[in-house]
Number of protein chains: 6
Amino acid sequence: MIAIYPGSFDPVTCGHLDIIERATGVFDHVIVAVARNLEKQPLFTVEERMELLRQACGHLKNVSVDCFDGLTVDYAREKGAKVLIRSLRAVSDFEYELQMALMNKRLNPDVETLFMMTSAEYSFLSSSLVKELAYLGTSVNGLVPKCVEEKLLAKLRMSRAGG
Amino acid sequence: MIAIYPGSFDPVTCGHLDIIERATGVFDHVIVAVARNLEKQPLFTVEERMELLRQACGHLKNVSVDCFDGLTVDYAREKGAKVLIRSLRAVSDFEYELQMALMNKRLNPDVETLFMMTSAEYSFLSSSLVKELAYLGTSVNGLVPKCVEEKLLAKLRMSRAGG
Amino acid sequence: MIAIYPGSFDPVTCGHLDIIERATGVFDHVIVAVARNLEKQPLFTVEERMELLRQACGHLKNVSVDCFDGLTVDYAREKGAKVLIRSLRAVSDFEYELQMALMNKRLNPDVETLFMMTSAEYSFLSSSLVKELAYLGTSVNGLVPKCVEEKLLAKLRMSRAGG
Amino acid sequence: MIAIYPGSFDPVTCGHLDIIERATGVFDHVIVAVARNLEKQPLFTVEERMELLRQACGHLKNVSVDCFDGLTVDYAREKGAKVLIRSLRAVSDFEYELQMALMNKRLNPDVETLFMMTSAEYSFLSSSLVKELAYLGTSVNGLVPKCVEEKLLAKLRMSRAGG
Amino acid sequence: MIAIYPGSFDPVTCGHLDIIERATGVFDHVIVAVARNLEKQPLFTVEERMELLRQACGHLKNVSVDCFDGLTVDYAREKGAKVLIRSLRAVSDFEYELQMALMNKRLNPDVETLFMMTSAEYSFLSSSLVKELAYLGTSVNGLVPKCVEEKLLAKLRMSRAGG
Amino acid sequence: MIAIYPGSFDPVTCGHLDIIERATGVFDHVIVAVARNLEKQPLFTVEERMELLRQACGHLKNVSVDCFDGLTVDYAREKGAKVLIRSLRAVSDFEYELQMALMNKRLNPDVETLFMMTSAEYSFLSSSLVKELAYLGTSVNGLVPKCVEEKLLAKLRMSRAGG
């Protein structure tokens, strides 16, 4: 059984990695798929995000990293995946995810969305929080994989030098 | 991959059946497991509930029906199952299920709880609503499998004759 | 347009009365309907609750007080009412009421449930809170109509003398 | 009794239309009122949105379509309407709508906000979801009235040719 | 500044203890007050619960343990306390606590309710969960103070021998 | 005990003032601290917001007004404050605040976040609502302190003359 874990991953956090690790224990293969989202202003390019994911998931055998355009359910069909994995942290997540899951079910009844609850220690964590902390000069140690921490500092130094 | 779908199923509804059917498309085998709960006052005995589940799931090959005492994660371990399936209908479900999932993770880190969203047309449905409607003499057609509808009417006739 | 405002009203509070008054400004006639609920242990009998409602609504011309058994939508049909009024205080109300409204729509598509938000000053108020306060010997002045306050004290004196 | 159903309607969806149809069964006349909102970047002009609403509501006798500036309660007063209709899909809707209703009550105590629950099959639907799906090249058939579907495709073709 | 932390504490958990410890860092003196609640069926007597609290809080200097009847705000007035401490774990807690805080404010405007968020690692924990786990024969190590764990096991042995 | 009440205060409302007044009854000294937030587009400058806060709090002895950059917990440490005060209005507030509190606890375990519930009459109130109402030409009397009302009107006249 192939499962897809779609997201922005700008950048991948320890919360994402916890979900990926747990998912690899359940499914034969997990594709972590970066959604190319034209409207947002990401800190990292899609290629950088994929590279960070690859480094962070280096210890996991049944994981591959990819990216996609368009609808998640179309991408799932293309990959022969029957499962989408989404994580739930809080009630506000829940309502958005419920709407997405109902919509995706309507768009492609053959793809199931399965939800995993974020571990308690990461329930406050998000990519945007990580970026905000880094921007304020606060250590993000323990919140993101080591490779992300380094890349994040380099990125901010560059943007400051550049600005 | 074996998955366990635990619950009271007093009685099984079309909402439960929808989850079971969708789960059988994702997992190799699904064990629908009736929890023996000492404190509640069920309408149907555990044996009756298992029999109704067996009839309702007769068309599904990779489903078996069972019952268990004690902790769900202990039962999962015993059955060699790494996945618990739970359904989410609403925010109030979400909070209870989040607490249960975090607790189960602590009790047995090898078992993952995966959540499925109830289909929109069953979002208002529960076993207790079905029993209340039947008690008030209202048809439950379309809310429960045919076999449950008949058994429910027979049960209520009996309880009225008996009372 | 006739509207039905169903509930337990055990006893009617200033929050209920606020909804009733506002509803009389919108609908031609409002029937406040006490649901005979066999399972709960009410403090006041259905007849007492109706009498208190009649006194509390004495200043409103287009209100009548009634009681009913069975499904609310069946009672609405019988009365020629196309509208059920329900009040919303909080998120937990919301989810229960959403399920009820979806269910009632399915049972009788001709009856619409319309919701009114409880005024901010009564957002913490419920019949059970009123009874708990009275039981603890605290004044419920300003939380219930005057007639309810008196009846409540009499009731508690009686139950204490009796117990 | 005149009721106003205010909104952005950019564009009207089958969820909106379901509310309008149900509202016409309850109120003598329903004014569907497009709010001119200066800050957002709508896909359709106010005039286009009104024209689409008129086509979508062509089969309903007691509906008129209008637009307004400023406060909804001021517009209601001007039209002699005592009722605002709002729909509720989810908990996040609920909190925003509760705040709006309390605020509107304070600004004009003579206008009541009445809420209707969105039908289960449209609980995931919103104008922005429709626009996102159309943008991604996915069919929105069954989610919006036929006239909206056509206009939406034309609009997107134009914006692509233009861009 | 004296603060009161009221509750059932049947029995005290590590979640409660975390709140008490954090509160002692903020307030001059913290009174942990067991509410005598006539309606529930507690596992431990009020005296046992107070004794367990005293043992669990033995390392904290500015804590005392007490019990009370009636309204919490009346008890606070009697003790010269201006602050009630309550903990928040989840949305369902939030709504109940909001109603209680608004009510208490009305009953005694001089007493403020201050809320503390439960630490992430105890967000799933409650006294009833602890009792359920112990009843099912599962270790509650790490969920309750050591003294509670022992007393709980003794209690269950007794009740089984007695039953 | 020194407490910090951080926020944007763009501008201070009667809801904020209610929290400040209640906090001064609990803590020795309350620092109302305007967060310099680089990303938003405030209506009032940080200096204007501080001046309005000073005028609005003129009757309170143990309040001072300040501003800060960076992390709130770092600012608290610098000021020797062990308490952050935050207000809760609704479930959506709750989730955001829970995440912030857990994050702040991780960044600085010595600082406690204490929450106060907004009074019922201000539960619908926010700075952005006030600005929206003023922009639409509606009176904000009773929603903001007198000094804010005047400044707000002057600001809008200026921006209109200027635009």
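Proteins come first, then strands; the chains are lettered A, B, ... in the order of their sequence lines, and each starts at number 1.
Contacts of F:K151 classified as side chain to side chain donor-acceptor pair (under 3.5 Å), with partners at least two apart in sequence or in another chain: none. The side chain to side chain donor-acceptor pair (under 3.5 Å) test applied to E:D28 returns no partner, not counting sequence neighbours.
The environment of E:K131 atom NZ is dense: over 12 non-hydrogen atoms of other residues, nucleotides or ligands sit within 6.0 angstrom.
Residues of residues 102-113 of chain F lying under 4.5 angstrom from chain E, judged on non-hydrogen atoms, are F:L102, F:K105, F:E112, F:T113 by number. Scanning residues 54-66 of chain E against chain F with a 4.5 Å heavy-atom cutoff picks out nothing at all.
Heavy-atom distances place the side chain of E:V83, and not its backbone, under 4.5 Å from chain F. Looking at E:A101, only its side chain comes within 4.5 Å of chain F, counting heavy atoms on both sides.
Rounding to the nearest 0.5 Å gives a distance of 8.5 Å between CG of F:L98 and OG1 of E:T118.
Under the side chain to side chain contact (heavy atoms under 4.5 Å, CB included) rule, F:F115 has a single partner from E:R86, E:M117, E:M116, E:E97, which is E:M117.
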Open item on the list: Between E:V26 and F:L114, is the side-chain contact (heavy atoms from CB on, under 4.5 Å) condition met? List the steps.
Closed with: CA-CA 10 Å; E:V26 175; F:L114 295 179; 4.0 Å; yes
